[in-house]
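In what follows, a structure is listed as structure tokens, so that the remarks can point back to it.
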Amino acid sequence: MELLIFGLVMVVAFGPQIWAIKVWQGMWRWLAAAPLLLLGADALLILVSTSIDPTSHSLWPFEILMIALAGLPVVGLLWLVRLVAKA
């Protein structure tokens, strides 16, 4: 059950970000991709850190979840700024 909830939260977190990357053009696409790039960097950090010390990131799913959810307001703010810029 917990895995299902985790999966649904990830879909909600990544859905708007992936949509924005697919639909938006130019600078907006790169700005929408920034949270995912941060997530990739954290995933790399988790892999390297746990290869050195297996106990270092014992709560890594929560790290991934927090960074993924932090990207959601970023994309929402970008959407609002795009909306105002077009007007």
Side-chain angles (χ1 to χ4, degrees):
M1 185 67 174
E2 293 85 14
L3 210 59
L4 179 65
I5 293 171
F6 184 77
L8 287 173
V9 169
M10 291 307 248
V11 166
V12 168
F14 286 132
Q17 293 179 37
I18 292 172
W19 174 83
I21 292 169
K22 283 184 174 184
V23 174
W24 294 349
Q25 302 290 323
M27 170 190 69
W28 298 107
R29 178 177 287 177
W30 286 103
L31 290 172
L36 293 179
L37 294 174
L38 179 65
L39 182 69
D42 187 55
L44 184 64
L45 175 72
I46 290 170
L47 286 173
V48 171
S49 296
T50 54
S51 69
I52 296 169
D53 179 17
T55 62
S56 64
H57 288 272
S58 58
L59 296 174
W60 66 267
F62 293 110
E63 286 183 49
I64 299 291
L65 183 65
M66 286 188 304
I67 291 176
L69 289 175
L72 195 57
V74 170
V75 173
L77 184 63
L78 286 172
W79 177 76
L80 284 174
V81 170
R82 283 188 80 218
L83 195 64
V84 170
K86 284 184 179 180

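These numbers come from the heavy atoms of this one structure, side chains and all, not from hydrogens, waters or symmetry mates.
Nearest approach of W24 to V75, heavy atoms of both residues: CH2-O, 4.0 Å. Between L65 and V9, the closest heavy-atom pair is CD1-CG1, 3.2 Å. The two residues R29 and I21 have their closest heavy-atom pair at NE-O, 2.8 Å. Nearest approach of P35 to I67, heavy atoms of both residues: O-CG2, 4.4 Å. The two atoms that bring P16 and L72 nearest to each other are CG-CD1, 3.5 Å, heavy atoms only. For M10 against A68, the heavy-atom pair with the smallest separation is SD-CB, 4.1 Å.
L37 and M27 end up in different hydrophobic clusters when Ile, Leu, Val, Met, Phe, Trp and Tyr side chains are linked at under 4.5 Å. Hydrophobic clustering (side-chain heavy atoms under 4.5 Å, transitive across Ile, Leu, Val, Met, Phe, Trp, Tyr) keeps L3 apart from F62. L47 and L39 fall into different hydrophobic clusters, where Ile, Leu, Val, Met, Phe, Trp and Tyr side chains are chained together by heavy-atom contacts under 4.5 Å. Note on L80: it does not cluster hydrophobically with W30, by side-chain heavy-atom contacts below 4.5 Å among ILVMFWY residues. I5 and V12 are assigned to two separate hydrophobic clusters, defined by single-linkage of ILVMFWY side chains at heavy-atom distances under 4.5 Å.
Within the model, atoms CG of L38 and CG of D42 stand 7.0 Å from one another, a figure rounded to the nearest 0.5 Å. Put simply, CG on L44 and OG on S49 are 9.0 Å apart, with the number rounded to the nearest 0.5 Å. The distance from atom CG of L59 to atom CD1 of I64, rounded to the nearest 0.5 Å, is 12.0 Å. Taking CG from L45 and CD from E63, the interatomic distance works out to 7.5 Å, rounded to the nearest 0.5 Å.
Other residues, nucleotides and ligands place more than 12 heavy atoms under 6.0 Å from the CH2 atom of W28.
Considering only heavy atoms from C-beta on, I52 comes within 4.5 Å of V48 through its side chain.
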